[in-house]
Amino acid sequence: MNTPTRSSAVPAAGQVWDPRAYARNGRFVSELGAPVLDWLAPKAGERVLDLGCGDGALTEQLVAAGCEVVGGDASAEFVATARERGLDARLIDGQALPFREEFDAVFSNAALHWMKRDPDAVVAGVARALKPGGRFVAEMGGAGNVASIRAAVYDALTRRGIDAVGADPWYFPTADEYRARLEAAGFTVARIEKFPRPTPLPGDVAGWLRTFAQAFLEFVPEGERADVVAEVQEVLRPQLGVAGVWIADYVRLRFIALKKVSA
Ligand code: BEZ
């Protein structure tokens with residue numbers, strides 16, 4: 001069995017984010033975040049935690065809405081980029097949030113699925129961070145997210161004798177599963193929806209894999225990574241890359257949860 005070749009500390013679920021590559025291959029993530037912002041309905045003067053703030057593109061919109069915002073991310077590279085935008089961005093492990101009853105709302109877009117090690121600790125930390133009655137509004141990958149991409153990557157790794165399940169950095173829960181976690185942590189779930197959102201990619205799936213699937217590729221010997229990416233791309237082309245337009249099979253899980261006043 002192969003083991004990852006990276007020897008330095010590995011932050012952010014096996015990913016080292018390159019903000020410039022992310023701006024090329026992943027800008028759509030924040031661009032598609034508008035509906036979650038609508039669900040949050042931020043009000044001027046509110047204190048908001050943006051959990052998994054990435055490069056701060058949506059954090060900036062919360063600031064523009066008049067909120068007092070703390071951005072938190074496990075990637076030092078993203079935190080540095082968000083600070084360059086003038087944001088209060090902090091290096092934070094979402095599974096060990098350090099806040100106590102100081103936020104009116106916790107917002108999160110496309111980040112919770114990276115916090116796989118201990119999802120209950122994430123939800124408990126959010127509950128601690130919120131004032132009583134505060135809201136947790138988020139969108140993440142839901143069960144079935146990028147299923148065909150994940151299956152093709154699993155096949156490519158398994159063929160090489162690599163434990164794909166062990167390498168997998170993603171947590172995509174069902175609505176029922178996440179609702180149960182929220183309720184166990186003292187939230188009332190006001191709304192939760194899981195729905196497919198086929199997502200056009202700015203390039204091909206190879207660019208997506210290099211940006212978002214590093215944790216899998218880390219287990220592949222360096223000299224074979226380009227082959228794996230090319231192999232996965234060819235397997236997926238008839239399904240996701242028709243006529244040269246790549247559309248990823250995203251599934252979103254979006255919710256509003258309210259911290260009970262007595263919790
Ligand atoms: C997502 O936003 O659903 C996602 C992005 C990258 C990898 C996995 C999931």
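Just so you know, ligand 1 is whichever comes first in the structure, and atom 1 is the first atom listed for that ligand. Computed from a prediction, not measured in an experiment: that's the story for all the values here.
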Which ligand 1 atoms, with their elements, are less than 4.0 angstrom from a heavy-atom of Phe172? 8 (C), 9 (C)
Part of Trp114 within contact of ligand 1 (heavy atoms, under 4.0 Å): side chain
Ignoring hydrogens and angles, tell me if any N or O in the side chain of Arg135 forms a donor-acceptor pair with the backbone of Leu40 under 3.5 Å. yes
If we count only N and O atoms by modelled type, under 3.5 Å, do the side chains of Thr211 and Asn25 hold a donor and an acceptor together? yes
Please state which protein non-hydrogen atom is closest to atom 1 (C) of ligand 1 and give its distance, to 0.1 Å? His113 CE1, 3.2 Å
Does Arg160 use its side chain to pair, donor to acceptor, with the backbone of Ala156 at less than 3.5 Å? yes
Give the residue and atom name of whichever protein heavy atom lies nearest to atom 9 (C) of ligand 1, and the separation in Å to one decimal. Asn145 ND2, 3.5 Å
Can you say whether the rings of Phe255 and Phe136 are parallel (under 30°), tilted (30 to 60°) or perpendicular (over 60°)? perpendicular
Using heavy atoms and a threshold below 4.0 Å, how should the contact between Trp208 and ligand 1 be classified: side chain, backbone, both, or neither? side chain
Which atoms of ligand 1 have any heavy atom of Phe212 under 4.0 Å away? 6 (C), 7 (C)
Return the orientation label for the Phe212 and Trp208 ring planes: parallel under 30°, perpendicular over 60°, tilted otherwise. tilted
In terms of the angle between their ring planes, are Tyr171 and Tyr178 parallel, tilted or perpendicular, with boundaries placed at 30° and 60°? tilted
Atom 5 (C) of ligand 1 [closest protein heavy-atom partner, distance rounded to 0.1 Å]: Tyr250 OH, 3.7 Å
Contact with ligand 1 for Met140, non-hydrogen, under 4.0 angstrom: no
